[in-house]
There are 2 protein chains.
Amino acid sequence: MFSMLYMRSVRDDRTARAVIRDEALRLFAARGPDGVSVRQIAAAAGVSPALVVHHFGSKEGLREVVDQHVLDTFDQALAEMTRPGAPGLYDPAATGSLAEAVLRHLPPDSPLPGYLRRLLLDDSEAGRTLFRRLFTVSQGVLSTLSQAGLASEGNDPAVRAAFLMANDLAVLLLRDRLTEVLGVDPFSPDGMRRWASEVIAVYGSGLLAAAPREEEP
Amino acid sequence: MFSMLYMRSVRDDRTARAVIRDEALRLFAARGPDGVSVRQIAAAAGVSPALVVHHFGSKEGLREVVDQHVLDTFDQALAEMTRPGAPGLYDPAATGSLAEAVLRHLPPDSPLPGYLRRLLLDDSEAGRTLFRRLFTVSQGVLSTLSQAGLASEGNDPAVRAAFLMANDLAVLLLRDRLTEVLGVDPFSPDGMRRWASEVIAVYGSGLLAAAPREEEP
DNA sequence: CGCGAGGCTGTACAAGTGTTTAGCATGCTG
DNA sequence: CAGCATGCTAAACACTTGTACAGCCTCGCG
């Protein structure tokens, strides 16, 4: 009666496999792989639990596919913003914040930040890969800024690059907590502005420098 | 035959209840409450699973007791190092690192840092309480340093305090990852020295300042 | 048309979960 | 001494978990 094409919603032309992957991504990001059952993923995707196993072999297999998918997506975004001539990243006024830059190119309700957060925190192979990649980028940014005379690599370039990266990631890792105590989401436009302002001030001339007058637009 | 006293090991005079609590603390820190079963906790404590429930009502009850225990222990350590006249914390050369200060007063294999890490990351009531407390301390330190002329509160004191706190916590949250890319545990004596050195440099005069010559003792 | 392949489901199973219950043994108290 | 509370265990419960199996339906190809 209904052809395969009509099995999928008119507004959703993804294959069932892709739907499962996307729903798993969303749920894994929110509750972690151990906090979500195959049945819940299947229900969210509107399929039977057995189909999940059919397409991905096992729950662990699904996790690996989602990990790789997220890593690929992230790499793509990263390549786009570190390509020669890309604006912003090497601008000292941008604080070199990778997290901020990536977030900007994502829909506000994207599950990707949450998933990346878990990758960085849980110790998985994909997480280690991601972290190494980020560290390399951080070292590259610092080196470039240094050669341009916009920053110093310090006595311990590796540690300085790690310090800057860790500070950057901290906002992603503690987002909800910071939102609570500050009363503003640090990833919202307003939050980003306020956060970046302080980061620039401290990175620019240290904690001791007197606060310059706030400029009103 | 054997009195109750001899039921406990000669070298361990804790009550069974305390043993269970401590083992739960250790296992929760390592794998998270959801990653540990009541049976595993009981086995680690050398008791039956039913005794865990007998003493704590439920697994959730046990978690709450452990949460409170950790919070109490932490508050005690915090009170000790923020008491008037305590050395170090307000010393600008100490970077005001709370994490570092607390870590120093703990045995190297203590499960407490790991548990605190989870409290900060998972969103539980105890975690929110802990985070608020830390934020208050951070605000206090910044304010004190400011009044002493050792730092500026910046245009946005709340955000600056949050920034400093988040940076501090990032090392705790990403410890394993940082250890991998740097080749040194940032909480080891050597790691602390290298990390603190860069933090002091950046907080002292910003990223741009030329690196001063490394002083050899 | 016939027929195989693949997407897909319903059912079942073994293992592990948190928790309940009944009961044992010990030490304290009347 | 009698009796009771307490610390503790073994067994069983109801439930959820991941996964295997058998079979249905529809499409595409000969």
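In what follows, chains are A, B, ... by sequence order, proteins preceding strands, each numbered from 1. All heavy atoms count here, side chains included; hydrogens, waters and symmetry mates do not.
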J.: Give a yes-or-no answer on whether the side chains of A:Q76 and A:D72 include a donor-acceptor pair shorter than 3.5 Å.
T.: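 Side chains of A:Q76 and A:D72: no pair found under 3.5 Å.
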J.: Between A:F163 and A:D156, does a side chain to side chain contact (heavy atoms under 4.5 Å, CB included) hold up when you go through it step by step?
T.: CA-CA 10 Å; A:F163 174 62; A:D156 201 331; over 6 Å; no
J.: Just wondering, more than 12 heavy atoms not from B:E60 lying within 6.0 Å of its CD?
T.: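 Atom CD in B:E60 is packed in, count exceeds 12.
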J.: Does D:dT17 have its OP1 or OP2 closer than 4.0 Å to a side-chain nitrogen or oxygen of A:S37?
T.: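 The answer is yes; a side-chain N or O of A:S37 sits under 4.0 Å from OP1 or OP2.
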J.: Rounded to the Å, how far apart are A:R17 CZ and C:dG7 P?
T.: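 Taking CZ of A:R17 and P of C:dG7, I get 10 Å after rounding.
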J.: What is the distance, to the nearest angstrom, from the CD1 atom on A:I20 to the P atom on C:dT9?
T.: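 These atoms are roughly 8 Å apart.
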J.: Distance check needed: D:dG18 C1' versus A:L62 CG, whole Å only.
T.: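 Distance, rounded to whole Å: 12 Å.
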J.: Enumerate the residue pairs fulfilling side chain to side chain donor-acceptor pair (under 3.5 Å) with a member in residues 20-30 of chain B, sequence neighbours excluded, ordered by first and then second residue.
T.: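 Every side chain to side chain donor-acceptor pair (under 3.5 Å) pair that includes a residue of residues 20-30 of chain B, provided the two are not neighbours, is B:R14-B:D22, B:R21-B:H69, B:E23-B:R26.
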J.: Consider the side chain of B:K59, meaning its heavy atoms from C-beta on, and name the nucleotide among C:dT9, C:dT19, D:dT19 that approaches it most closely.
T.: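 The closest nucleotide is C:dT19.
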J.: I'd like to know if A:R39 reaches the base of D:dG18 with its side chain, counting only an N/O donor and acceptor under 3.5 Å.
T.: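 Answer is yes: a donor-acceptor pair is held.
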J.: How many Å lie between CG on B:D34 and C1' on C:dG18, as a whole number?
T.: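 So the two atoms are 12 Å apart, to the nearest Å.
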J.: Using atom NE2 of B:H54 as one end and atom P of C:dT20 as the other, report the distance to the nearest whole Å.
T.: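 In whole Å, C:dT20 P lies 13 Å from B:H54 NE2.
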J.: Report the distance from atom NE2 of A:H55 to atom P of D:dT19, rounded to the nearest whole Å.
T.: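 Taking NE2 of A:H55 and P of D:dT19, I get 16 Å after rounding.
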J.: Would you mind telling me which of D:dG7, D:dT19, C:dT17 lies closest to the side-chain atoms of B:L51?
T.: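 Nucleotide nearest to B:L51's side chain: D:dG7.
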J.: Would you kindly give the CD1-to-C1' distance between B:I41 and C:dT17, to the nearest whole Å?
T.: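 The answer, rounded to whole Å, is 12 Å.
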J.: In whole Å, I'd like the distance from the CZ atom of A:R14 to the P atom of C:dG7.
T.: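 The answer, rounded to whole Å, is 18 Å.
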